[in-house]
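Residue numbers start from 1 in every chain, and the chains themselves are labelled A, B, ... in the order their sequence lines are given, proteins ahead of strands. Computed from heavy atoms alone, side chains included, the values below leave out hydrogens, waters and symmetry copies.
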Amino acid sequence: MKNSKMVWIDVLRTIVAIVISLLIIFAIILFASEDPLNTIKSFLIGPLTSVRRMGNVIELMIPLMFTGLSTVVLFRTGLFNLSAEGGFFLGSVAAAICALTLNVNPILKLIISLIMAALAGGITTFIPGFLKAKCNVNEIVTSLMINYVCLDVGLFFIHTYFVDPSINSKYSYKFDSGMLLPKIISGTNIHFGLIIAIICIIAVYYLMERTSFGFKATLVGTNSVMANYVGIKSATVILGTQIIGGLLAGLGGGVELFGMYTRFQYLDLTDYGWDGILVAIVARHKPELIPIGAFFLAYLRIGADIMSRESDVPFELVKIIQAVVILLISSQAILASYRKKVLIKETKALEEKEA
Amino acid sequence: MESFIKVVFTADFLFTAIRVMTPILYAALACMVFYKGGVDAIGTEGIMLLCSLAGVLGGYYAKSYVIGLLTSMAVGAISAFLFVYATNIWKIDEILAGISLNTLAGGLTIFVLYYITGEKGSTQSLASPVAPSINIPLLKDVPFLGTIFSGHNLLTYLGLILVVVLFYLIYKTPLGLRIRSVGENATAAKSVGINVIKYKYITGIIAGSLAGLGGAFMSMGYVSNFSRDMVAGRGFIGMAAEEMGRGYPLGVLLSSLLFGVADSLATRIQMLNVPARLVQAIPYVVTIVVISIYSYIELKKKKMKKG
């Protein structure tokens, strides 16, 4: 089944969904803008017009890849654990606390901080997963609540112990400049986090698609009855995925902090967790396609940002696109009849082969 | 400790707690109806946000708060109806559709706001009407109790009345029975001839209107204008309050009140040099603990039955 047409149909469906949503956006711009052609131009072409802007797209891809990857792993076993948002936030809090308290050489400090960030994320997403697996608690509600706990507890620590009184905002003290992630492309802010993200994608791809753990997780997610029947310990597999998903989200929080900031500045949740869901959907929940999903969303964001500065259409247009894309891609209706035809044809072909 | 009691347990504080509770109560009631009818409630957050803008605009153009409230309810009902349509006819996953709805609300409200007022922050420039506060005769003259229970917004009282009305509707009427049977086991309901999708639409319309009133309270009662992302998670907290109240109207009311008390406590307690952020986290932690205990007990019961 490796060369099955089905994979291509799924890709085609994604593309159709994206094209339809872009058409809807053009329609909105046509209706809302005084100068629709230039608005569309700055939205679509804007990010390509300078190295700095292209850099912005890649920079934004980095946190999106982490939370997107996190979502792929978190959702793999069929749980809707939405706490990547909290994991990302608490990850950056943990990273900031380590960065401001440890007294070791910068490189070691960076490594410890990132490990602590990942652990903080792992603990965050573990809780809803654990409660679901052991007590059958609705993971959507607990994960949403956990997000707020992360926000409140995280800001409590930062604001109580680490606020720099010499500046006017509630920002933390500056991090040791030696521990910030180095920029890897001059003229942009693209930082070493990109490489960490790519390593994570390769590792997750290997784990989820090439090991028995990944296979078990997929089976638990697609057919839990079957998984139980063949003797897979669902609870263990679920807990594994929930921790790994959180490690990725938390690490993303730390990487973003040391890549893009010099102080801890967040005053609210970052929304990267929610964005991760979109990224995962566009990537069809395949780890290897996460960069495409992240690129798609990052490009839209930067495009919309440029558009809002160069035209009369506000940035929030991008949220409308996001909503439409989620709906269209997750709709089973697009190309459904075509998909069915191909499925029947392939099954028949297989049956004939067997006979 | 003495100062703590002085600051916290005042009539004024309890008044605030009820005020803060109101939008959460509406959200929780909406979630309750959604769940009863077997519709996922994660979109409540977005519906409330859409409705808080719709109410202000409806009220502003018609120069009447009643029209504002009705606009909110209509927008809520329509969005929930479309949600049910999309999830059942287009077969979109309910949770993803809900997330999409929340995302859409965050963008669309600001988009519309920008085209109407030219601002992206709030509708302060529009003189929109607000729902009135009501002093209850006799009760308002009773010391202490009068201060706590009188003088609330019309919508607060309406919310409390709706707790009773919904109890009656869900548990004492044929409509309620059908909604519950669709929610508990759609296949079984279908087999006895109930039109499942019809009752899901009805569920959506009732729940959406409730969420609409909650949204309207935010922009026409709690404060007097719409500002961006003003629902700020109250829809999600409503889901938690519903879960903690186990789907019973009285339970939902009490758990909403818990959130109201904790939230106003956090605001108050800042005066006493107690970390407000930690106090704010308490209701979320309590929710997680309480619903875990419930679920654990239920799981044990099931196992007992089986074994």
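Of the atoms belonging to B:L101, not a single heavy atom falls under 4.5 Å from chain A. Within the 4.5 angstrom heavy-atom criterion, atoms from both the backbone and the side chain of B:Q280 approach chain A. Of the atoms belonging to A:L278, not a single heavy atom falls under 4.5 Å from chain B. Of the atoms belonging to A:Y148, heavy atoms from both backbone and side chain fall under 4.5 Å from chain B.
B:L104 has its side chain out of reach of A:L327: every pair of non-hydrogen atoms, C-beta onward, lies at least 4.5 Å apart. Looking only at side-chain heavy atoms (C-beta outward), A:D152 and B:I282 stay at 4.5 Å or farther from each other.
With respect to chain B, the highest number of heavy-atom pairs below 4.5 Å among A:L155, A:V318, A:D271 belongs to A:L155. The choice from B:V285, B:I237, B:I95 that makes the most heavy-atom pairs within less than 4.5 Å of chain A is B:I95. With respect to chain A, the highest number of heavy-atom pairs below 4.5 Å among B:V279, B:I293, B:I288, B:D40 belongs to B:I288. Contact count against chain B (heavy-atom pairs under 4.5 Å) is highest for A:L317 among A:T160, A:L82, A:V153, A:L317.
Put simply, CD on A:E316 and OG1 on B:T103 are 13.0 Å apart, with the number rounded to the nearest 0.5 Å. For the atom pair CD1 of A:I281 and CD1 of B:I99, the computed distance is 7.0 Å after rounding to the nearest 0.5 Å. Residue B:L96 holds its CG atom at 7.5 Å from CD1 of A:I277, rounded to the nearest 0.5 Å. Taking OG1 of B:T287 as the start and CD1 of A:I146 as the end, the distance is 10.5 Å to the nearest 0.5 Å. A distance of 12.0 Å separates OH in B:Y284 from SG in A:C150, rounded to the nearest 0.5 Å.
Environment of NZ in B:K120: crowded, with over 12 heavy atoms of neighbouring residues, nucleotides or ligands closer than 6.0 Å. Counting heavy-atom neighbours within 6.0 Å of A:F156 CZ, excluding the residue itself, gives a total above 12. Counted within 6.0 Å of CZ on A:F157, heavy atoms from surrounding residues, nucleotides or ligands total 12 or fewer; the atom is thus considered open. Dense packing is recorded around CZ of A:F26, with more than 12 heavy atoms of other residues, nucleotides or ligands lying under 6.0 Å away.
In this structure, A:V149 and B:A281 approach most closely via the heavy-atom pair CG2-O, 4.4 Å.
Against chain A, the residues from residues 108-117 of chain B that qualify, each with a non-hydrogen atom under 4.5 angstrom away, are B:L108, B:I110, B:F111, B:Y114, B:Y115 in number order. Contacts between residues 71-78 of chain A and chain B, counted as heavy-atom pairs separated by less than 4.5 Å, involve no residue at all. By a heavy-atom distance cut of under 4.5 Å, A:D312, A:V313, A:P314, A:F315 are the residues of residues 304-315 of chain A near chain B, going up by number. Residues of residues 126-144 of chain A lying under 4.5 angstrom from chain B, judged on non-hydrogen atoms, are A:L131, A:K134, A:C135, A:N136, A:V137, A:N138, A:I140, A:V141, A:T142, A:L144 by number.
Ring-plane geometry between A:W274 and B:F236 is classed as parallel, the angle between the planes falling under 30 degrees on a 0 to 90 degree scale with a further cut at 60.
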